Structures are given as structure tokens and as C-alpha cells.
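In what follows, chains are A, B, ... by sequence order, proteins preceding strands, each numbered from 1. Quick caveat: nothing in here was measured; it's all calculated off a predicted structure.
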Amino acid sequence: MMVLAGAGSGKTRVLTRRLAYLILSGAASPETILAVTFTNKAAREMRERVLELLGLDAPSGVAHRFWIGTFHGMGARMLRQQGKYLGYDPDFTILDTADQERLAKRICDESSFDHKYWTPKRLINHISRWKDDGITPDRLDEVNEREFLNPGDKTRVHSFYQSYQESLMRANAMDFGDLLLNCLELWRRHPDLLAHWQHRFGHLLVDEYQDTNAVQYRWAAQLADLHKNLCVVGDDDQSIYSWRGARLDNILHFKDDFPDVTVIRLEQNYRSTGNILRAASELIKHNQGRMEKSLWTEDDDGRKIDLFTAESSEDEARFVASEIGALCPLGDFSRAAVLVRASRQTRAIEEGLMRQGIPYQVVGGLRFMDRAEIRDALAYLRLVHSARDDVAFERVVNVPKRGVGQVAMAKIRAVAMQESVPLLEATRRLVAAGGISGKAKTALKDFVMLIDEARQICQLESPAMALAHLLDRSGYVASLDGHEKRDEKMDNLAELRGVLVRSESLTMFLEETALVTDMHESGEPSPNRVVISTLHAAKGLEFPYVFLVGMEEETLPHSLAVNEGAEGLEEERRLAYVGITRARERLYLTHARKRWMYSEPTFPMPSRFLRELPAEVLEDRGPKFSVKFGASGSIGLPSGGSRPFGGGGGSPRFRLR
DNA sequence: TGCCTACGCCTTTTT
DNA sequence: GGCGTAGGCA
């Protein structure tokens with residue numbers, strides 16, 4: 001079954017009701033159901049709502065019998081059990097992007113792969129994308145030659161990809177892509193293992209189906225191949241993750257792949273006013289590659305959509321802040337949200353809100369797990385947990401600085417290579433054999449001892465005690481003294497410790513922290529704060545008042561996306577659509593005439609998407625002399641501004657229709 | 001080995 | 001406007 005659910009049509013409700021119904025009607029028991037989502041938050045919500053419908057508490061034990069989670073979480077769960085058939089230990093580590101890049105850099109350094117375009121970062125980027133498409137090193141020749149710039153690069157990239165995979169294997173580690181790709185590989189080699197899961201899961205549900213990539217699609221389709229009970233829910237108009245490998249084809253071609261599918265359309269919107277819905281519908285009609293869907297509402301037209309032209313980004317932020325002040329006189333600021341295209345736009349908004357004393361909360365800003373001190377602490381714990389985790393070893397062997405530099409590292413690696421042992425073990429042998437001297441020797445000896453001690457403490461006492469020991473005895477805590485952000489860092493570490501204490505085991509803790517990137521906000525949203533969010537992070541949320549700021553060419557649509565051609569542009573339009581449909585009662589669209597970009601002033605054109613909205617639902621909110629852009633009398637700017645998309649011809653003009 | 005400085009590159013969106 | 005890195009120097 002495919003449920004095409006328009007924005008605000010009750011998609012999540014459908015999924016949770018279906019789940020609850022399957023169980024209450026006796027058609028299925030919890031352990032035979034597999035439900036996958038994209039975010040941990042969505043998974044958590046689904047679980048809670050289902051349990052609620054079933055009239056059960058979370059501790060009832062039933063919660064554990066459900067397999068509700070993210071694609072990556074489910075993949076990890078299966079591979080913990082069966083990864084051994086591919087040569088992985090059950091306690092394999094999961095690398096995130098930062099880990100991947102470090103590893104990539106090391107491989108580049110070692111193989112003197114120094115390339116202008118193919119930087120470690122880009123290599124990882126491309127490899128991740130290839131993995132989304134199911135392209136393993138041996139299938140790299142399927143990739144279009146153009147992607148490699150120079151013909152010779154392909155060979156070098158190919159050998160890098162191979163080394164990268166080998167390093168992962170050696171460190172008993174998987175990156176995000178591997179969590180699913182390895183499932184497919186496992187099932188290919190051992191069909192009986194696939195059969196086991198196929199048998200078990202009588203019902204599969206996939207949320208946000210429009211965001212699945214090729215591998216996720218194959219993963220789900222294979223699991224469902226026995227019982228053919230696959231239910232997907234999605235909205236092609238809200239597909240905004242193609243850059244992460246999402247295939248809109250998966251939804252557009254679902255009928256071809258599953259000929260006897262039942263398609264259900266949910267077109268009644270229970271969220272927004274008539275005007276907001278009309279604006280969204282008109283906008284999205286400009287896209288070609290979509291399934292016809294027409295949303296309707298029983299709600300009134302409501303207020304018109306406020307369109308505001310700001311002189312500058314500061315002006316825009318000031319306007320947003322003062323409107324929010326007026327809309328939320330009682331201080332119930334959580335009713336309002338400011339949505340941006342790119343996270344760097346948040347700063348100007350933050351400053352504007354701060355100036356007027358309006359509390360706010362940035363979602364998806366700098367992530368808790370990405371903070372240096374958190375990553376250091378986690379790397380220490382990972383090394384304690386798995387002596388094979390070379391990535392973790394490299395991260396902390398010289399943190400805090402203890403005099404282990406390139407020379408010492410090279411020696412360690414040589415031993416590791418020669419004797420086929422992990423870096424930690426290699427260090428142990430190197431020190432014992434006296435192959436190193438001076439400062440580095442003492443430092444490495446102490447380091448190995450520290451890890452050993454921590455491992456003991458972890459077993460005899462608790463992981464939290466081990467963490468304390470690691471941070472203290474390594475000198476890490478002391479090294480923060482005098483640091484400008486010392487207190488903040490200590491607070492973060494304390495918070496991490498709190499999570500560790502609440503975890504069942506170190507293993508579970510590391511699993512959570514590897515896959516949950518938003519644990520900082522995993523609690524309830526802070527009360528009475530304006531939410532500032534990227535459009536991507538805002539999907540699935542709704543607010544009475546929404547400000548969609550930076551409605552300008554180069555920003556929305558983003559310049560990079562426009563360069564990708566028609567498909568890129570359509571995805572930008574879907575982003576705008578997602579933003580608009582977050583609003584329940586009031587929607588503001590703002591753009592600025594002048595914006596600073598890398599300390600250079602730019603004069604962006606208003607977004608083409610503004611022109612695609614029906615004029616009758618818009619209300620211009622001044623300043624009064626700017627009702628028509630480019631009209632004479634507007635303050636001293638050349639009409640048309642700096643025209644980012646070039647062309648020397650007549651100045652492009654923007655008018656409200 | 002580590003500190004300092006200058007420079008370059010960047011900035012889409014994230015499980 | 002901010003960060004990471006390369007390169008020079010102690």
C-alpha cells in the first residue's frame with residue numbers, strides 16, 4: 001500500500017493507527033512488525049503514540065518487542081547479530097562524518113594522495129553518495145566518467161575507496177552507508193539470513209518514503225519480498241533529501257515495482273488556513289515531476305500572507321522580532337518559528353531576537369555530538385570498549401598534547417601494519433620492545449596504561465567511573481583550565497556523563513551516541529521560545545506563526561541547486577513548499593535588498609518563488625516605497641540590484657502580479 | 001614537537 | 001566573517 005499524504009493531512013496518524021490496529025485486531029504481534037523512519041525523533045514519537053493507542057506504558061515491555069526505528073538503527077541492530085558472517089565483531093564501531101574525514105585524511109597522507117579537487121572531504125562526500133546508490137568499490141566503473149574530472153582520477157579514487165574500506169574493516173568499523181549496504185551484502189551471501197528476517201516481519205511500514213535512497217529501497221523491498229506486506233507513506237512534494245541520495249523515483253515508480261499496490265491519497269489538510277494552502281498549492285504546481293495532488297481544507301481563508309521587503313538582513317531580523325513581539329504579547333513565543341534555507345542565516349535572526357529580548361532556540365544548530373570535548377570523551381570510551389578502534393585511537397592518542405607526533409605515529413603504524421594488529425596493541429609492543437624513546441615513550445606507556453585501567457574500572461565499577469578516570473588521569477580536565485569555554489565544556493561533559501549513567505551498558509551507550517545526533521534536544525522542546533530552524537530540520541513540525549526569511553535568489557533557490565539544473569530547482573521549490581506548509585495561521589515571507597556575504601555586500605533579487613504565488617493571497621508590508629522592486633524612487637540602488645545571475649541586458653524587474 | 005601567523009576556502013541542506 | 005591548515009621558526 002502506498003499512502004500519498006499531502007502536508008498536514010495526518011500522515012503520522014495513519015501510520016500509528018495502522019500499527020495499533022494490526023495489533024489490536026490480532027492480525028499481527030509486535031515482534032512481527034518493522035517500522036522505519038528517518039529520524040530518531042520520528043521513531044520515538046511513533047513508538048510513544050502507538051503505545052498510547054494500545055493503552056500501554058513504555059515500561060510494559062511491549063516497547064522492546066517493536067522494531068520501530070531509523071533505517072540506520074535497524075541496520076545496526078541486524079548487523080550486531082549477524083555481522084560476524086561478514087567478518088565484523090558484534091561490537092563494531094559506527095563512524096560519523098567527522099570520523100570518516102579524519103580517516104580519509106590519514107589515508108590520503110599515507111598514500112600521498114594530494115589532489116586539488118579530491119580532498120578528503122570530497123572523497124568522503126562522494127563515497128557516501130555512492131554508498132547510498134549501492135555502489136561499492138568494485139562497482140565504481142558504473143559511475144559516470146564525468147564525475148572524476150580527469151580520466152586518470154578514477155583509478156586513484158578507486159584505490160582510495162578500496163583503502164578506505166580496508167581501513168574500516170581493520171578497525172572493525174562501519175560508516176552510515178555500510179549499516180545498510182552490509183545488510184544487502186550479508187543477504188546476498190547468506191540468503192538464509194534474509195529468509196529469517198523475511199519470515200519474521202509480516203508487516204513493514206516506511207515513513208517519509210519520498211526520502212528513501214536506492215539502498216534503503218532495496219533493503220525494505222527485500223525484507224518485504226516474502227509477505228508482500230509493505231506499507232509506505234510519503235509525499236513526493238516534500239522530497240528534500242536528494243543530496244543525500246534520496247530517489248524520488250522510488251515513489252513515482254512504486255506502482256511499477258509493486259503492480260498490485262493500493263494507492264490512497266490524503267488530500268484534506270487539517271493544519272493551515274485557506275490562503276496559506278492556496279499559496280503552497282500554486283507554488284508546487286510549477287514542478288513537473290510530481291504526482292497530481294490537490295490539497296483542500298474546511299478552514300477559512302484566514303489572514304493574507306505578509307510579504308516584507310527589508311533593506312538589509314538586520315532590518316529583516318528587526319522586523320521579524322517586532323512582529324513576533326506583537327503576535328505573542330503574552331510571551332508564548334513557542335507559537336512562532338523562523339525558517340531559513342542555510343544554517344548560517346540563523347545568526348542575523350538570533351541577533352535581532354536577542355536585541356528585543358525574545359527568547360529563542362536554534363534547532364539543528366551546532367550539534368551536541370559534534371563538540372570537540374564530546375567527541376574526545378567518546379573516542380576515549382570507544383577505545384576502552386573496543387581495542388580495535390583505530391579511528392578513536394588516533395583521535396585521542398595525543399589529546400591532551402602529550403608529545404606524540406608524526407614521527408611516533410609513523411612508528412606505531414609500521415608495527416601495526418607489520419604485525420597486523422590494531423594501533424593500541426602496536427603501541428604496547430613498540431613500547432615493550434623499546435622501539436621508541438624519550439618523551440614519546442613515557443607518554444605512550446602512560447596512555448596504554450590509562451586505557452587498561454579504564455577498562456578495568458569499567459568492568460569492576462561502572463562506565464561512568466571509567467569516564468571520570470579517563471578524563472582526569474589523562475590530564476584532559478586540567479588541559480581545559482584557562483580555556484575560554486572551560487565551564488561550557490565541563491557542563492557538556494557532565495551532561496554526557498549523565499547519559500552514560502542512565503544507559504544500560506557501555507555498548508548501548510555507544511550505539512545511542514553514534515546514531516542519535518540530536519540527543520541534546522531529545523527532551524521536550526524548551527517552552528516559550530521562538531524556534532529558529534533550517535527548512536530541512538523543520539519538516540514534520542508546525543507552528544501558528546511562520547517566518548520564511550531570505551526569500552531571495554541565490555538563497556532560496558540556493559545558487560548551487562540552480563546550477564544543478566531543473567531538478568535542483570524543483571527541489572528548492574519543494575523546500576519552499578515545506579516551509580510554507582509549516583504555518584497554521586500566519587505566514588510571513590521576507591527578503592532583503594542588501595545582504596552581507598563573506599564580508600561583501602550583495603544585492604540579491606527577490607526569489608522567483610515569490611512571483612509564483614497568487615497575488616490575491618499576499619499582502620505587502622512595506623516599506624512603502626518598495627512595493628514594486630526596481631521601481632523608481634527606491635533608495636539609491638541601481639534598479640535590479642547586482643543581478644547575481646549575470647547578463648548585462650535590461651535590468652530584470654520584479655513585480656507583484 | 002608545538003606555537004605562531006598568514007592565507008585560503010568556504011557555506012546548502014544531515015541520518 | 002570564521003575556521004582549518006600549511007609553513008616557518010624556536
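Between A:Thr534 and B:dT14 there is a side-chain polar atom (N or O) within less than 4.0 angstrom of OP1 or OP2. The phosphate of B:dT14 (OP1 or OP2) has no side-chain N or O of A:Thr39 nearer than 4.0 angstrom.
The residue among A:His72 and A:Val404 whose nearest nucleotide of DNA chain B is located toward the 5' end is A:Val404. Mapping A:Glu572 and A:Ala408 onto DNA chain B by nearest heavy atom places A:Ala408 at the nucleotide closer to the 5' end.
Distance check, rounded to the nearest 0.5 Å: OG of A:Ser242 to CD of A:Glu570 gives 11.0 Å.
Where stacking is scored as ring centres under 5.5 Å apart with planes under 30°, A:Trp243 registers as stacked on the base of B:dT13.
The aromatic rings of A:Tyr164 and A:Phe160 lie parallel to each other, their planes meeting at an angle below 30°, with 60° marking the opposite boundary.
Counting any heavy atom pair closer than 4.0 Å across all strands shown, A:Arg574 reaches no nucleic acid atom. The residue A:Arg122 sits close only to the backbone: its heavy atoms come under 4.0 Å of sugar-phosphate atoms, none of a base. Contact annotation for A:Asn398: backbone-only contact, meaning every heavy-atom pair under 4.0 Å involves sugar-phosphate atoms and none involves a base. Among the heavy atoms of the strands lying under 4.0 Å from A:Thr97 is at least one base atom, whether or not backbone atoms are also near.
Among the nucleotides B:dT11, B:dT13, C:dA6, the one closest to the side chain of A:His536 is B:dT13. The side chain of A:Arg344 lies closest to B:dT11, out of B:dT11, B:dT15, C:dG2. When distances are taken from the side chain of A:Lys105 to each of C:dA6, C:dG2, B:dT11, the shortest belongs to C:dA6. Picking from B:dT14, B:dC3, B:dT15 the nucleotide with the shortest atom distance to the side chain of A:Lys401 gives B:dC3.
Of the listed residues (A:Asp211, A:Asp235, A:Thr581), just one forms a side-chain hydrogen bond (donor to acceptor under 3.5 Å, both in side chains) with A:Lys539, and that residue is A:Asp211.
Under the Watson-Crick or G-U wobble criterion, with both distances below 3.5 Å, B:dT11 is left unpaired in every strand shown.
For the pair A:Arg593 and A:Phe603, the cation does not sit on the ring face, since its NZ or CZ is not both under 6.0 Å from the ring centre and inside 45° of the axis.
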